[in-house]
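Okay, so here's the structure we're looking at.
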Amino acid sequence: MFVEEEEWSDGAGPRRAPQAPGRPASAVASRKRQRRRGLPGVCTAGTGQDEELARKPPGKRRQAAKRRAAAGEPREREQQQGPDGDAPAKPPIPPGATAGEPPRKRRRKKRGPKKEPLAEPLAGLGSVTPGLPGKDAAAPDRSETLRARMEERLLGARFRYLNERLYTSSSREAAQLFRSDPEAFEIYHRGFARQVARWPQNPTDRIVRYLRKRPASLVVADFGCGDCRVARSVPNQVHCFDLLPLCPRITVCDMAQVPLEAESVDVGVFCLALMGTNLQEILEEANRVLKPGGTLLVAEVASRFESIRTFLSAMAQLGFRSVSKDLSSSFFYFLEFTKTGAPRRRPVPGLRLLPCLYKRR
């Protein structure tokens, strides 16, 4: 049988009730005081409720066990009991700590990837590690690249200027321009070669294939021959005419006045060469040197023709009859004419080609 709980007085302290038989009053009172103060109960023999109060929550116990295992500390039971199971074992004191201080947990340092030493020490600013480009080596490369880019832009700008002059001036003015500045003609053909490399096809190859199918005895006159590609590709006798000599076979002259006898040529070629504003004079000169029934081949940029029918009608008034035309390509038109007679002396209406100008970048 249990006695009633102790009663508290205001000043004299607690008044103790008589003890219950078989249980000490001091243990009961101390346990009640600890409950009121919020302290965990003291484990006594034969009381399961006090053992539950002394235990830790399972989640915190597992976390504490993990931390001790990471720190290398012995388990909780091993700490409470000694190695023989009868005396509590004291935790080992870590090095550097005193017996009165609580043990400190060691923190593991995170190890990063090992840094390999350089193959050779850097002796100065000019020395670099083998296989790695240095600042001194990269600076000349950038300057050379920048210089090459500027030269390329300058070359493109001068080519567009010269190309516009050739299409918007007469053949006499173009010849005078290149006689006064021979370097300009070389710059023009360098830029022209760059443009040809971007084309889907080279119209000169079409002219060469045509001449290879004809007899090798035919005499050819190439107006505006450039680098003499036609003459170097066929066995025929080819008269090469241009404004400046890019190769030794070229005869420098105005395309409206070539040094050939009348009716001395079997085939006349204009491959991207109808450039002057005096087209009638140039085509009349081609009519003069061609034999009766001779062939005139014209390869031009397709966008230059405003009306192909009007151009063919104008060519008929100059003494050339259309034999065949290939308008299938969107880049170039290939026209074949035969000489039927002398040209008319009056101005021919409709004989006009648009200038082929390149866009400025």
Side-chain angles (χ1 to χ4, degrees), residues 151 155-156 158-159 161-163 165-167 169-199 201-276 278 281-291 294-301 332 356:
E151 290 180 355
L155 175 63
R158 295 193 65 182
F159 166 73
Y161 168 76
L162 295 172
N163 184 75
R165 287 289 302 271
L166 291 177
Y167 278 102
S169 59
S170 64
S171 59
R172 289 182 294 273
E173 294 172 347
Q176 183 179 0
L177 169 66
F178 290 125
R179 280 196 300 266
S180 61
D181 188 4
E183 185 182 0
F185 191 74
E186 182 181 356
I187 291 175
Y188 170 78
H189 274 278
R190 285 173 57 190
F192 180 77
R194 291 177 54 197
Q195 297 296 327
V196 171
R198 300 175 183 175
W199 292 346
Q201 58 178 333
N202 191 342
T204 309
D205 298 336
R206 179 74 176 268
I207 303 296
V208 170
R209 289 196 299 267
Y210 176 88
L211 293 176
R212 286 178 178 176
K213 296 178 182 179
R214 304 294 297 272
S217 59
L218 297 179
V219 180
V220 182
D222 191 0
F223 295 83
C225 61
D227 58 353
C228 303
R229 184 171 182 177
V230 174
R232 292 185 284 106
S233 304
V234 297
N236 305 69
Q237 179 185 0
V238 181
H239 298 281
C240 302
F241 303 107
D242 215 324
L243 300 177
L244 279 181
L246 290 180
C247 61
R249 305 179 64 169
I250 294 178
T251 301
V252 179
C253 64
D254 179 7
M255 298 302 105
Q257 295 177 353
V258 295
L260 286 178
E261 297 181 0
E263 299 181 356
S264 59
V265 175
D266 298 296
V267 181
V269 176
F270 284 94
C271 184
L272 306 179
L274 292 175
M275 304 179 70
N278 54 335
E281 296 180 12
I282 296 173
L283 291 172
E284 286 177 352
E285 183 69 4
N287 185 290
R288 182 187 70 83
V289 301
L290 275 175
K291 297 177 181 180
T295 302
L296 180 67
L297 302 177
V298 176
E300 269 300 336
V301 181
F332 306 104
C356 183

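Residue numbers run from 1 in the order of the sequence given. Because the structure is a prediction, the values reported are computed rather than measured.
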Cysteines Cys240 and Cys228 with SG distance under 2.5 Å | no

Between atom CG of Leu246 and atom SG of Cys225, what is the distance when rounded to the nearest 0.5 Å?
-> 7.5 Å

What is the distance from atom CZ of Arg209 to atom OG1 of Thr204, rounded to the nearest 0.5 Å?
-> 10.5 Å

Of all heavy-atom pairs linking Leu260 and Ala221, the shortest is CD1-CB, 4.2 Å

Val219 meets the side chain to side chain contact (heavy atoms under 4.5 Å, CB included) criterion, sequence neighbours left out, with Gln237, His239, Asp266

Of the non-hydrogen atoms in Pro203 and Leu272, which two are nearest, and what is the gap between them?
-> CG-CD1, 3.8 Å

Name of the residue among Val269, Val234, Val267 meeting side chain to side chain contact (heavy atoms under 4.5 Å, CB included) with Ile207 = Val269

In short, salt bridge (Lys or Arg N to Asp or Glu O under 4.0 Å) pairs touching residues 178-192 with sequence neighbours left out are Arg158-Asp181

Report yes if some heavy atom in the side chain of Leu211 is under 4.5 Å from a heavy atom in the side chain of Leu218; otherwise report no.
-> no

Does the Arg212 side chain pair with the main chain of Ser233, one donor and one acceptor, at a distance under 3.5 Å?
-> yes

Atom pair CZ/CD1 of Phe270 and Ile282 - distance to nearest 0.5 Å = 6.5 Å

CE of Met275 to CZ of Arg165, rounded to nearest 0.5 Å, is 12.0 Å

Taking C-beta and beyond as the side chain, do Glu263 and Leu290 meet within less than 4.5 Å on heavy atoms?
-> no

Tyr188 side chain near Leu177 side chain, heavy-atom distance below 4.5 Å = no

Correct closest heavy-atom pair for Leu296 and Ala286 would be CD1-CB, 4.4 Å

Given side chains that start at C-beta, do those of Phe332 and Val301 come closer than 4.5 Å, heavy atoms only?
-> yes

Atom of Leu243, atom of Cys253 and distance for their closest heavy-atom approach = CD2-O, 3.7 Å

Looking at Thr251, Ile250, Val252, which one forms a side chain to side chain contact (heavy atoms under 4.5 Å, CB included) with Phe241?
-> Thr251

Sub-3.5 Å donor-acceptor pair from the side chain of Gln257 to the main-chain atoms of Asp254, do we have one?
-> no

For Arg206, what residues pass the salt bridge (charged side-chain N to carboxylate O under 4.0 Å, His left out) criterion, not counting sequence neighbours?
-> Asp326

For Glu261 against Ser264, the heavy-atom pair lying closest together = O-OG, 2.6 Å

Salt bridge (charged side-chain N to carboxylate O under 4.0 Å, His left out) involving Arg214 - partner list, sequence neighbours excluded = none

Taking only residues two or more places apart in sequence, or in another chain, which ones meet Glu281 in a salt bridge (charged side-chain N to carboxylate O under 4.0 Å, His left out)?
-> Arg172

Only pairs at least two apart or in different chains count here, so list each salt bridge (Lys or Arg N to Asp or Glu O under 4.0 Å) that has a residue in residues 226-247.
-> Asp205-Arg229, Asp227-Arg232

Spatial distance of atom CZ (Arg194) from atom CZ (Phe159) [nearest 0.5 Å] | 9.0 Å

Would you indicate whether the side-chain heavy atoms of Phe178 and Leu166 approach each other to under 4.5 Å?
-> yes

Would you kindly say whether Ser171 and Asn278 are connected by a side-chain donor-acceptor distance under 3.5 Å?
-> yes

